[in-house]
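Below is one structure, written out as structure tokens, with a few remarks after it.
Chain A is the first sequence line, chain B the second, and so forth, proteins listed ahead of strands; every chain is numbered from 1. Computed from heavy atoms alone, side chains included, the values below leave out hydrogens, waters and symmetry copies.
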Amino acid sequence: KDEARKMLTDADIAHNMAGIRKVFEKFLSFGNGPTDAVMVNNADWLDKLQYIDFLRDYGRHFSVNRMLTFESVKLRLEREQPLSFLEFNYMILQAYDFLELARRHGCTIQMGGSDQWGNILNGVELGRRVDNRELFALTTPLVTLASGAKMGKSAQGAVWLNADKLSPWDYWQFWRNTEDADVGRFLRLFTELPLDEIAKLEALKDAEINEAKKVLANEAARLLHGDAAAQESAETARRTFEEGGTADNLPTVTVPGAELSAGIPAYALFVRAGLATSNGEARRLIKGGGGKVNDAAIGENDAIGTAHLRDGAIKLTAGKKRHVLIRAA
RNA sequence: GGAGGGGUGGCCGAGCGGUCAAUGGCAGCAGACUGUAAAUCUGCCCUCUUCGGAGUUCGUAGGUUCAAAUCCUACCCCCUCCA
């Protein structure tokens, strides 16, 4: 990270921990068994640190000369951006965390993105110097797209693993929209399919590669959100994109029946649906031909109401991929 | 503490009294082309709008001026060097 971290309150931290645990629960089992995962809070040991003792016992093992050579630090200095002492200490604390984890839980390997390489090695070295422990680091390259961009940007922003940040449907869509050139690699990285099967999928050419993308979306969504959610998303996608119809499971926003009877201007409805963040944006979207009601162009000021209900819902579309159903509450 | 440089829209970065809601690039959104792909081209990209305009922006607060992102003062914050 090369930008200042935000200070978090205790409540923020507790909230974040709960969120992190919820995500990891999908992939790990927490418990007391020999192979179960344990979630710990480094405040358990960091809060008790005595400054002078810490400096004397651990601080002496860190050379500022060396810390200044770290990429994250160098970047900040080169750009003449601020780097507080608090942040400068982050790598020391991370190293100490590794040591504490080794002492308390017999943890011997730390994994992370390649940007963590230096930080993790600091811990490895600290373990050797202080406890004569042998610790290990394992890092993976940050995943980039074939086009060179960093992965993780979707139409709505970041790709979140929490369902309340990014719905299973949007998560499925994210994978479905993978670039051709990334499909094989992503199947290997993000699914548990056998490699020979992936090789076959990857060999698909042109429009056929879409089948591979569906498999990728299904598998990735299944791992995170479960079978049911994955299948539902696949079915919703099939009906929406392949049949051009209206699937019941598209994201839905409800509006009080009375308001709908009275009629709501189209631009306002797009804002309500979350398809635009301001009235002006909604207007521009519709004017530019990117906003549709029940798959048909409309005027941005047209009143949308009960007359537009089809099977109990009004389908709003922004662009080709974002659809929202409006239902009366 | 002293000297110098600087804080501009999500980010980078021009502007340095009026023609500035503010060049350009990136990111984002939409249209065309397609395969829910990429690349490319086009449009949009502060808020509101009865589409004529209106209102709020250029660290914060004051001031000068007919007019300020641009000048002055104070304050806050950042960077560099000196102590």
Select base, sugar-phosphate, or nothing to describe what [X] touches, counting heavy atoms under 4.0 Å on all strands.
X	answer
Thr240(A)	nothing
Ala237(A)	base
Glu208(A)	nothing
Asp180(A)	base
Trp175(A)	nothing

Beyond-backbone contact of [X] with [Y], side-chain heavy atoms, under 4.5 angstrom:
X	Y	value
Asp302(A)	Ile286(A)	no
Asp44(A)	Arg104(A)	yes
Gln94(A)	Gln110(A)	yes

What interatomic distance, in whole Å, is found between [atom1] of [M] and the corresponding atom of [N]?
N	M	atom1	value
U65(B)	C29(B)	P	49 Å
C78(B)	U60(B)	C1'	15 Å
G10(B)	C48(B)	P	15 Å
A21(B)	A68(B)	P	12 Å
U40(B)	C26(B)	P	10 Å
U70(B)	C58(B)	P	9 Å
A61(B)	C16(B)	P	25 Å
G1(B)	U8(B)	C1'	31 Å

query = Base of G53(B) relative to its sugar, syn (within 90° of 0) or anti?
reply = anti
Answer yes or no: does a side-chain N or O of [X] lie under 4.0 Å from OP1 or OP2 of [N]?
X	N	result
Arg284(A)	G31(B)	no
Lys213(A)	A38(B)	no
Ser278(A)	C48(B)	yes
Arg322(A)	A30(B)	yes
Lys320(A)	A32(B)	yes
Asn210(A)	A37(B)	no
Arg283(A)	U47(B)	no
Tyr267(A)	U49(B)	yes

note = Rounded to the nearest 0.5 Å, the CG atom of Asp97(A) sits from the CG atom of Asn122(A) at a distance of 12.0 Å
query = Does the pair Lys292(A)/Asp295(A) count as a salt bridge with the N-to-O cut at 4.0 Å?
reply = no
Identify the nucleotide, in any strand shown, that forms a Watson-Crick or G-U wobble pair with [N], with both distances under 3.5 Å; if there is none, say none.
N	value
A21(B)	none
A69(B)	none
G1(B)	C82(B)
C75(B)	G59(B)

ask   = Can you tell which of G35(B), C51(B), U36(B) lies closest to the side chain of Ala207(A)?
value = G35(B)
key: Proximity to the side chain of Asn279(A) - top-ranked nucleotide from C48(B), U36(B), G35(B)   = C48(B)
query = For the side chain of Glu211(A) and the backbone of Glu208(A), is there at least one donor-acceptor N/O pair under 3.5 Å apart?
reply = no
ask   = More than 12 heavy atoms of other residues, nucleotides or ligands under 6.0 Å from CD of Glu243(A): is that the case?
value = yes
What is the distance, rounded to the nearest whole Å, between atom [atom1] of [X] and atom [atom2] of [N]?
X	N	atom1	atom2	answer
Phe174(A)	A37(B)	CZ	P	14 Å
Leu285(A)	C44(B)	CG	P	15 Å
Leu83(A)	U80(B)	CG	P	10 Å
Glu87(A)	C78(B)	CD	P	11 Å
Glu281(A)	G10(B)	CD	C1'	13 Å
Lys287(A)	U49(B)	NZ	P	11 Å
Leu275(A)	C44(B)	CG	P	22 Å
Lys321(A)	G28(B)	NZ	C1'	14 Å

key: Met17(A): side chain to side chain contact (heavy atoms under 4.5 Å, CB included) partners, not counting sequence neighbours   = Ile13(A), Met39(A), Asn41(A)
message = Closest-nucleotide mapping onto RNA chain B: is Gly291(A) or Ile209(A) further toward the 5' terminus? I mean the 5' end.
response = Gly291(A)
